[in-house]
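Working notes, beginning with the structure itself.
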Amino acid sequence: MLHIYCPHCREHREEEEFHVKGQAHIARPLDPESCTDKEWGEYLFFRKNPRGIHHEIWYHSTGCRKFFNVTRDTVSYEIKEVYKIGEQPQVVAKG
Amino acid sequence: MSQKNRLQSGGRIDRSKAMTFSYNGRQYKGYQGDTVASALLANGVDIVGRSFKYSRPRGLVTAGADEPNGILQMGATEATQVPNVRATQQELFDGLVCSATNGWPNAESDMMSILGKVGGKMMPPGFYYKTFMYPQSMWETYEKVIRKAAGFGRSPLENDPDEYDSVNQHCDLMVVGAGPAGLMAALTAARSGARVIIADEQNEFGGHLLSSRERIGGKSAADWVASIVEELASFPDVLMLPRSTVNGYHDHNFLTIHERRTDHIADKAPSGQVRQRMHRVRAHWVVLATGAQERPLVFAHNDVPGCMVASAVSTYINRYGVVPGKQLVLMTTNDGAYQTALDWADAGREVVAVVDTRANPQGELIEAVRKRGIKVITGSAVIEVSGKKRVSGVTVAGIDAKGEKVTGKAHSLLSCDTVASSGGWSPVVHLSCHAGSRPEWRDDIIGFVPGPTVQKQLIAGGITGTYALDKVLAEGAKAGQEATKRLGLTVADVQLPNVRNLREGKPMALFHVPHTKPTSRAPKQFVDYQNDVTAAGIELATREGFESIEHVKRYTAMGFGTDQGKLGNINGMAITAKVLGKTIPETGTTVFRPNYTPITFGAIAGRNCDELFDPKRFSAMHKWHVENGAKFEDVGQWKRPWYFPKAGETMQQSLDRECKATRESVGILDASTLGKIDIQGKDAREFLSRVYTNAWAKLGVGKCRYGLMCKEDGMVFDDGVTSCLGENHFLMTTTTGGAAGVLEWLELYHQTEWPELEVFFTSVTDHWATMTISGPNSRKLLAELTDIDLDKDGFKFMDWRAGTVAGVPARVFRISFTGELSFEINVQANYGLHVWEKLFEHGAKYNLTPYGTETMHILRAEKGFIIAGQDTDGSVHPFDLGMGWCVGNNKPFSYIGKRGMAREDCVRPNRKQLVGLKTKDPKVVLPEGAQAVADPKQAIPMDMLGHVTSSYWSANLGHSIAMGFVKGGLERMGESVYYPLADGRVIEAEICSPIFLDPKGERQNV
Amino acid sequence: MSETLAPEKEGTVNVAVMNQVAGSGARAESPLHHAELDKLAARNPRTGGVMLRELKLLGHLTLRGSQQNESFMNGCAEVLGLALPTQPLTSVEKGSVSIRWISPDEWLVVLPADQAYEVEQGLRAAIEGHFSVVNVSGGQTLLELSGPNARDVLKKSCPLDVHPSQFPVGKVAGTVFAKSTAVVRRSGEESWELVVRRSFADYIWLWLQDASREYGLVIKS
């Protein structure tokens, strides 16, 4: 059970109030029609599964209904930071 | 039987409150303050179970959570049965009924003991893997016999009558363990103003002080504990939880506590009281003050009843006033255990000898024992016990300084009935491991301590390997201060009480007492009592190539029992290390996982059972449905009317009647459960164009349109009608099950991809009660109740109008899921039942017939309308459904799904396509899910062409109808496919259009 | 009664606004109507640790808009007589109107049902730019939990920290409640308001009865 800081409600809440929506920062191609099948397939299906720092989108589904980003260590489950949609992470994997 | 082992005075029991209890069908007496274990020992009950593999008699070994043998089946009635309760932790109450879990048919004379004689050969380590895996088909047969013989207890056959629940807690500091360190930590934090929870598994706070004769701050240990508890109770923000085991320590300082509120009072909780409660705690900081558990020594026949760990013997004497024998031999590797000899002697019983494995022990306690005239045999060990159902004597031999072999041949045989042993202490590191931290070995304390952690965790007392009371108290206070500081509070002053410490000598690291014979030939030396794991078994496992401690554990089943290796694991790891020629840190330890001790399913389920198991959602008209005999169907969490049977009808008869009434006159459906989303903003229309596959640019105010929604991969995931309420205002409907998901989907795209679009989404699913009247007489019926002009040319199909229905402001949508003339009426849900009832008042003359989801399914299937989630499964795009008409290819924006649908795999020929299916025999209804093949005579495995998604009997058409997927189906109209069924039948069906009725759509336009 | 034009350009309907309250001839039922709380209140024990009351058939409006839109913020303040709370998780209240912060661009306004239409019209007249007002009065109801053990019942039902130091009077939080959802607001020292969805109301009613049994539940009308 993670304890997640919602950047909109500005307090920590229990994980059960949230839905995780997978890897963050995957922008929809601006011109899908010009993507090859391979490019589109990569956008659709290919995700990172890092050991360590990972950026995820979470949704405060029972609270403010806002999506936001979480930088989480997949080994220790520590949440390193949360930041709003449109912002960039401060904590990134080395190398 | 009298309490022959009970002392006349002393202990924390109340001799004025005698209690009767039943154990294995016999009545015994004990006192308030007893555990079942202390009461059994008081009554001289030696055998409390039979061992798992060898069926050897077993007695109580410990006085706490680490007890491997005294495992009870509790419960006075069938409904109150609880398995695997530790006798050492179950408080006695009057009328308690229990029996030994292990032992079939009973512990005293065990049928398995005959088998047990051959059991050694029959069940070596790896027994399961070697024997019972083959043939696999026999496992179920083996399992039944083994389980019963093994005695894992049994669950009740009747419903548990008690209440359980869970409570969410938050605190600044969670202190686990209310021994001296925990109490000091809690007191320090509490005085500093922190919100504190302190929990302990025992019935009273105090930890080992409850069985100690030490003095603290000039008071008896018990009085000192009482004074601290009294002060803690005075703080409003301190929650004290005795009888509460912190079972799990999860990520981000989340802990689960299993509190037993009435298990000590009665078999069944008193009326109105919760029996057990789970506390789900989120703590800013945690102090683990879980103490340490004493290790028994491993020697030949060390499982004969009468062999106990030394501290447990002291606990029974000092806390419960019970001396569990007459003549004691104490074997120890350390000074501390000498206290047990003093306690035994003070209780007036004979200490035959203290056998110290060290050659030259020095310390105050040793001097005290010697001064009492008790024989101390040094540099020696008890290498073997004699006796079957109780210890009758021990063989003592000299051992070398490393404890690896017996020196010389001179053995002495001492006569005794009790062997107390102490191999030192193991910090209770379990909770510290739960979030992934690995414990670390410390040679100086001969034990594992918690390793580095990401948790906001502090440790104090025995868990750190600190055992001297003054240091334990100081560590507790320090942890409390540290936590307080980190919380940003001002640390209050707490003075440490004076304690007199004894001078102690160095302990010896000994995990396996040598025998004159090699381990493999020596009598059994038990490491894990509950799973009958012996030192020889561990040696065998390593010989067979299992070198990782995790593999040794699984191969031998060491630590698999209800005690989870609390007693034996460290000895087992040390023995493994020795056999492998490695150090203990090199060998490592297995990792402890939740739960610390077994927990009841009741506590896990809490109040989430029976009526409260899962939320049930009701529409505003639910009461009417119940009163009119509806059968209900679960659609997500909704309870929707399935059909409305009349007296004497079969389900099919009800459906036939509902279907016919709707097509012939008028039917009514409660459609309130459909998801409804209010969409406002100047870019609402643009947004719709991006999330639906079809065009929305030109939909005028007052008009409705059906839309398909796809995921980016081009696969359909929801559908529904969206109405244009205003230029910047739309009402979207979704499937019942898809409502929440669609809203989240819209928000996801709006918030992350297209925040520049000015649009807001608001769920109005619950706000509008929706009722659909459908059938040729629906207009006539509605006309009686509305001020809306229903003229067929003024209020056309796929229009909506506002007005009143039965005096209630309403929006009426002329849309149809049945293919009939239909009106969908939306009113604020508070008026739902009122309008519904008015429709029935006026509908009687038209035979207005309520129908449920099943008739809705049949009527729409007659028209070939899909149900997203039934006729789609996330792998079909609109063209697969024959719904290319619902895909707008000229939309400027590349809407969600467009690119996905154009992938190579989506445009290949021979995809599975949705078609109608007409069985050759019109009376036969295809089962949904049936697989289509081209040639039923083909050898198995046959080539599968697709499957049936929807299939019904159509009373209106007089034949069965079905829809399903068939490879290339849209090009195969008129061809036959075959459906071989599990019962051997093969159903032939002809591929046809899915629109079985009114293909021109004339009925809805009347 | 029928659709009203929001004041927009001549001849176009931008947003459909509707007075959804029926005349006296139509019977309105709250989500817990079937539980007959009034009857229970009449034959209730007088004492208990938890009091429950349905504040039924009120007007509920969901307001969406940007705090950066001055017209929106001013228009709301003017029409509602109260400024929208911008501090997260807070609420404001004046007379029969209360406003709960739901998210940085969403508020729930609770007011007498017969004012909902008038207020919505007022807002639409007063505000320019992008915003939305949605009447959700039929879709939810307000439950008031009070008494010395109300907090204990909340702790059994939702994962919020409801300690007075963390949840002062006036605080609002949307959360998981009894496996459903609720917007929880502390309305007084010992009183709390729950906004619950209509379809879940019966389940939550069953849950609350069960969770408060050990303290004694008093139904108030």
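Lettering follows sequence order; numbering is per chain, from 1. What you see is a predicted model, and the numbers here were worked out from it, not measured in a lab.
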Applying a strict 4.5 Å limit to non-hydrogen atoms, the region of B:Leu743 in contact with chain A is side chain
Greatest number of non-hydrogen atom pairs under 4.5 angstrom with chain B, of A:Phe45, A:Tyr77, A:Trp40, A:Tyr43, falls to A:Trp40
Honestly, the part of B:His750 sitting under 4.5 Å from a heavy atom of chain A is neither
Comparing A:Arg65, A:Lys21, A:Arg28 against chain B, the one with the most heavy-atom pairs below 4.5 Å turns out to be A:Arg28
If one checks every heavy atom of B:Gln751 against chain A at 4.5 Å, the contacting part turns out to be both
When the 4.5 angstrom heavy-atom criterion is applied to A:Ile85 and chain B, the contacting part is side chain
Practice prompt. Kindly assign one of parallel, tilted or perpendicular to the pair B:His877 and B:Phe879, based on the angle between their ring planes and the thresholds 30° and 60°.
Written response: perpendicular
Anything under 30° is parallel, anything over 60° is perpendicular, the rest tilted; go ahead and classify A:His25 against A:Tyr83.
parallel
Applying a strict 4.5 Å limit to non-hydrogen atoms, the region of A:His12 in contact with chain B is neither
If one checks every heavy atom of A:Tyr59 against chain B at 4.5 Å, the contacting part turns out to be side chain
Test side-chain hydrogen bond (donor to acceptor under 3.5 Å, both in side chains), reference A:Arg72, set A:Glu56, A:Glu81, A:Glu78, output is A:Glu56
Under 4.5 Å to a heavy atom of chain B? For A:Ile4 that would be neither
Nearest heavy-atom contact between B:Arg899 and A:Pro32 is CD-O, 3.1 Å
